[in-house]
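Data first, discussion second: the structure below is written as structure tokens.
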Amino acid sequence: MRQKPTVLAREIVASSRLFRVEELQLRFSNGVERTYERLVGKGSGYGAVMVVAMADAEHALLVEEYCGGTDDYQLSLPKGLIEPGEDVLDAANRELKEEAGFGARHLELIAELSLSPGYMSQKIQVVLASDLYEERLPGDEPEPMGLDRVNLRDLAELVQHPQFTEGRALAALYLVRDLLTKRGSFSL
């Protein structure tokens, strides 16, 4: 196993309402020193969840929301921050209710994903939700989110959709499709 670099110095060099930029001075095991910058979450870092909610045996729910990073409306999976003291599965069910208007009777933690580990410390927990029922909770979204569905057989086509560009969501959908196929509850 490789030896992690030694942290010589660590400093927050920029901060906003949501993020901090941390500068790390590192020394690698071969003696080379480098400065790295990474985006770190603000606050206590309880994490985040992304929910693959199965509307039926073949279809997962997608939500449509405005995304500031791309300055347009995007399709993705329901997701959000885990609140202090909140369990991952409870957070997933809450976010599903807030963003899609559904709750789930069955929730299962599937995987943990990162977006860009070279530059970001944040990770997201992927949760499979099934046996859905209608229930809406008020959320922090500035406007109601659109709701759509995708057949798990059509993931290759989904990638071509101009409003679907989030790699973590695509990875989560493939992970769930593979899991359900392995369990025999979905076939390609």
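Values below: all heavy atoms of this structure, side chains included; hydrogens, waters and symmetry mates excluded. Just so it is clear, the model here is predicted, and its values are computed rather than measured.
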Next on the checklist: R136 vs K97, test: side chain to side chain contact (heavy atoms under 4.5 Å, CB included). Steps then yes/no.
Outcome noted: CA-CA 5 Å; R136 180 163 299 281; K97 291 174 184 179; over 6 Å; no

Item to check | Test log, rule side chain to side chain contact (heavy atoms under 4.5 Å, CB included), inputs D148 and E64 | outcome: CA-CA 8 Å; D148 205 345; E64 181 187 41; over 6 Å; no

Next on the checklist: Run R149 and D56 through side chain to side chain contact (heavy atoms under 4.5 Å, CB included) and show every step you take.
Outcome noted: CA-CA 10 Å; R149 297 169 14 143; D56 57 41; 3.6 Å; yes

Item to check | Verdict with reasoning, L132 to L61, per side chain to side chain contact (heavy atoms under 4.5 Å, CB included) | outcome: CA-CA 11 Å; L132 304 182; L61 298 178; 3.8 Å; yes

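Cluster annotation: L107 is not connected to L128 through the hydrophobic network of ILVMFWY side chains, with a link wherever side-chain heavy atoms come within less than 4.5 Å. If you chain together hydrophobic residues whose side chains sit under 4.5 Å apart, L188 and L158 fall into the same group. Linking ILVMFWY side-chain heavy atoms closer than 4.5 Å, directly or via other members, places V126 and L89 in two distinct hydrophobic clusters. At a threshold of 4.5 Å between side-chain heavy atoms, the hydrophobic network of Ile, Leu, Val, Met, Phe, Trp and Tyr places V51 and M54 in two separate groups. Tracing side-chain contacts under 4.5 Å through hydrophobic residues (I, L, V, M, F, W, Y), one reaches L155 starting from F186; they form part of the same cluster.
The two residues L26 and P5 make their nearest non-hydrogen contact at CB-CB, 4.1 Å. A pairwise comparison of heavy atoms in I12 and E22 identifies CD1-CB, 3.9 Å as the closest pair. Taking every heavy atom of both residues into account, V127 and V88 meet most closely at CG2-CG1, 4.0 Å. Across S187 and R153, no two heavy atoms sit closer than the pair O-NH2, 2.7 Å. The nearest pair of heavy atoms linking E99 to P78 is OE1-CA, 3.2 Å. Taking each heavy atom of T35 and Q25 in turn, the nearest pair found is OG1-OE1, 2.8 Å.
More than 12 heavy-atom neighbours from other residues, nucleotides or ligands sit within 6.0 angstrom of CZ on R105. Crowding of E134 atom CD: a count of heavy atoms from other residues, nucleotides or ligands under 6.0 Å not exceeding 12.
The backbone N or O of E157 sits nowhere less than 3.5 Å from a side-chain atom of D154 that would complete a donor-acceptor pair. Counting only distance, with no hydrogens or angles, the side chain of N93 and the backbone of G103 share no donor-acceptor pair below 3.5 Å.
Distance CZ/R27 to CG/L8: 4.5 Å, rounded to 0.5 Å. A distance of 6.0 Å separates CG in L137 from CD in E98, rounded to the nearest 0.5 Å. Note that the CD atom of Q3 and the CE atom of M1 stand 11.0 Å from one another [nearest 0.5 Å]. Separation of atoms CZ (R183) and CG (D178) is listed at 12.0 Å; rounding is to 0.5 Å. One distance of note links CD of Q125 with CD1 of I110; it measures 11.5 Å at 0.5 Å rounding. Here the straight-line distance linking atom OG of S185 with atom CG of L179 works out to 7.5 Å at 0.5 Å rounding.
Taking the side chain as every heavy atom from C-beta outward, L62 and F164 approach each other to under 4.5 Å. Between I124 and E112, the closest side-chain pair of non-hydrogen atoms is not below 4.5 Å.
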Quiz: residues 165-177 side-chain donor-acceptor pairs under 3.5 angstrom, not counting sequence neighbours:
{"from": "T165", "atom 1": "OG1", "to": "Q74", "atom 2": "OE1", "distance (Å)": "2.7"}
{"from": "E166", "atom 1": "OE1", "to": "S76", "atom 2": "OG", "distance (Å)": "2.5"}
{"from": "E166", "atom 1": "OE1", "to": "K79", "atom 2": "NZ", "distance (Å)": "3.4"}
{"from": "E166", "atom 1": "OE2", "to": "R168", "atom 2": "NE", "distance (Å)": "3.1"}
{"from": "E166", "atom 1": "OE2", "to": "R168", "atom 2": "NH2", "distance (Å)": "2.6"}
{"from": "R177", "atom 1": "NH1", "to": "L152", "atom 2": "O", "distance (Å)": "3.0"}

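Classification of E86 and R94 as a salt-bridged pair holds, one side-chain N sitting under 4.0 Å from a carboxylate O.
Ring geometry for Y66 versus Y73: interplanar angle over 60°, hence perpendicular rather than tilted (30 to 60°).
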